[in-house]
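One structure is given here, and the rest of the page talks about it.
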Amino acid sequence: MNLYDSLPDAVATVFGAEALADLSYDVLTVDVPPGSWIPSLEIARDKLGCTYFDWLSAVDEPGTGFRVCAHVVSLENHRVRRLLLRTTVPHSAPSLPSAVAIYAGAEWHERETHEMFGVVFTDHPHLVPLLLPENFEGHPLRKDFVLAARVAKAWPGAKEPGEAHDPNAPKRRQMLPPGVPDPNDWGPLKGQLPPAPARPARGARAAAAGTAGAEAPARPARRARSVADGSTSQAATPAEPGAEGAPPRPARRTRSVSEGSASQATPAAESGATPPVSEAAPEAAPQSDPAPGQAIRGRTVAPGRRPAPRSADAPWHHAQPAFTEPQPPPAPAAGPEPGAGPAVSEPAEPDDPHGPDGPDGPDTNGGDA
């Protein structure tokens with residue numbers, strides 16, 4: 001069993017009493033004091049099997065210091081075990097022993113950390129700038145580093161297209177991004193620019209306007225109505241001048257729940273009855289309950305229940321076939337044609353077709369006279 005698997009529970013036994021450990025997202029993080037930086041790296045390489053050096057860098061923590069981090073990995077038995085070893089040095093004396101003797105790959109990482117954060121790694125074989133020129137001043141990744149390029153050149157967006165050609169065009173108020181000081185306080189134009197006009201507070205502007213002119217009336221409260229009164233738009237419409245004792249407005253709804261809304265009333269054309277009572281009527285016309293089991297318009301009403309009103313805008317209340325064949329119009333009744341004489345009644349045929357003469361009766365077409 002690898003000693004790495006006993007962490008973070010056995011961190012005090014492995015790295016010392018002052019060490020703190022946490023395991024999250026398959027990464028073991030161990031914080032040690034600056035004095036235990038080199039011994040902790042040796043423990044990680046020799047006891048935990050972290051022979052693969054990944055990277056080394058720092059983080060500027062305002063009010064705390066520079067937190068130097070080294071990420072090493074163990075590849076024993078084809079299993080990846082990650083260890084993030086951290087320590088913190090103060091801003092006033094950012095110094096730490098070099099780890100080149102333990103991990104040779106830390107040489108370039110310490111050079112970059114030195115020029116970006118200003119952390120000095122003692123016993124480093126060649127601590128010279130790696131990315132920045134030799135005459136560069138400052139450490140760019142510190143939180144207090146001034147963005148000198150923004151002081152020498154205006155912030156992008158301070159001018160709109162066409163403003164450079166028209167010096168009298170109005171310009172927007174310039175804003176300084178984080179990390180950029182006032183050009184009048186730092187930079188090549190220090191002390192040469194007029195102070196920027198400060199925008200007075202809202203109360204100061206109101207006081208100046210009051211002293212310049214006549215005393216302005218006090219502004220009324222924005223809301224003088226209670227919650228129960230509602231808003232001003234919900235107040236009742238006042239009566240016309242001269243009309244005293246005007247009747248109050250009727251209620252917006254005078255129909256009961258059982259009667260339904262006005263759109264659910266039965267249309268007069270369908271039922272053949274009188275038009276429905278107006279919505280503002282105080283009482284609806286009484287309706288007689290149908291007899292138990294009586295069918296009304298194809299519906300059977302249960303005993304003791306009133307049929308629900310129908311609406312003209314609800315086609316599903318009227319059951320009709322989907323396709324209705326047109327019926328031919330009825331034929332007109334047969335009557336005497338105009339200008340014809342009186343109708344002659346034909347003699348009725350005898351009930352017995354075989355009369356006295358019968359089918360073999362006398363021959364009227366010929367024969368012996």
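Start at 1 with the first residue, then count along the sequence.
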Practice problem: Carefully, step by step, assess Val120 and Leu96 under the rule side-chain contact (heavy atoms from CB on, under 4.5 Å). | Solution: CA-CA 6 Å; Val120 179; Leu96 200 65; over 6 Å; no
Quiz item: Is Leu84 reachable from Ile102 through a run of hydrophobic residues whose side-chain heavy atoms are each under 4.5 Å from the next?
Solution: no
Quiz item: Do any N or O atoms from the side chain of His124 and from the backbone of His126 form a donor-acceptor pair under 3.5 angstrom?
Solution: yes
Quiz item: Got Glu112 and Pro129 here, is their nearest side-chain heavy-atom distance under 4.5 Å?
Solution: no
Quiz item: Hey, is the main chain of Val59 close enough, under 3.5 Å, to the side chain of Arg67 for a donor-acceptor pair?
Solution: no
Self-check item: Smallest separation among heavy atoms of Ser74 and Leu48, with atom names
Solution: OG-O, 3.5 Å
Self-check item: Pairs satisfying side-chain hydrogen bond (donor to acceptor under 3.5 Å, both in side chains), at least one member in residues 41-56, at least two apart
Solution: Asp54-His71
Quiz prompt | Inter-residue atom distance Leu132.CG - Glu137.CD, 0.5 Å rounding | solution = 12.0 Å
Quiz item: Does any pair with a residue in residues 85-99 pass side-chain hydrogen bond (donor to acceptor under 3.5 Å, both in side chains), and if so which ones, sequence neighbours excluded?
Solution: Asp31-Arg86, Asp60-His91, Ser98-Glu110
Quiz item: Looking only at heavy atoms, which two atoms of Ser57 and Phe117 are closest? And how far apart?
Solution: OG-CE1, 4.2 Å
Quiz item: Should we say atom CG of Asp26 is surrounded by more than 12 heavy atoms from elsewhere, each under 6.0 Å from it?
Solution: no
Quiz item: Taking all atoms of both residues into account, what is the closest heavy-atom pair of Ala19 and Phe15, and its distance?
Solution: CB-CB, 3.6 Å
Quiz prompt | Stepwise side-chain contact (heavy atoms from CB on, under 4.5 Å) test for Leu7 and Asp9 | solution = CA-CA 5 Å; Leu7 299 174; Asp9 298 335; over 6 Å; no
Self-check item: Which atom of Arg111 lies closest to which atom of Val128, heavy atoms considered
Solution: NE-O, 3.2 Å
Quiz item: Quick one: side-chain hydrogen bond (donor to acceptor under 3.5 Å, both in side chains) pairs with a partner in residues 12-23, sequence neighbours left out?
Solution: none
Practice problem: Using modelled atom types only, decide if a donor and an acceptor are shared between the side chain of Glu115 and the backbone of Leu130 within a distance under 3.5 Å. | Solution: yes
Quiz item: Which heavy-atom pair separates Ile38 from Ala99 by the least distance, and what is that distance?
Solution: CD1-CA, 4.2 Å
Quiz prompt | Minimum-distance pair of heavy atoms, taken over all atoms of Leu41 and Tyr103 | solution = O-OH, 3.9 Å
Self-check item: Reported NE2-to-CZ distance for the pair His109 and Phe121, which is rounded to 0.5 angstrom
Solution: 11.0 Å
Exercise. Kindly compute the distance separating CZ (Phe66) from NZ (Lys143), expressed to the nearest 0.5 Å.
Key: 10.0 Å
Practice problem: State whether the side chain of Asn2 and the backbone N or O of Tyr4 hold a donor-acceptor pair below 3.5 Å, judged by distance alone. | Solution: yes
Self-check item: Stepwise side-chain contact (heavy atoms from CB on, under 4.5 Å) check, His139 with Val119
Solution: CA-CA 10 Å; His139 306 283; Val119 179; over 6 Å; no
Quiz item: Are the side chain of Ser40 and the backbone N or O of Ser36 linked by a donor-acceptor pair below 3.5 Å?
Solution: yes
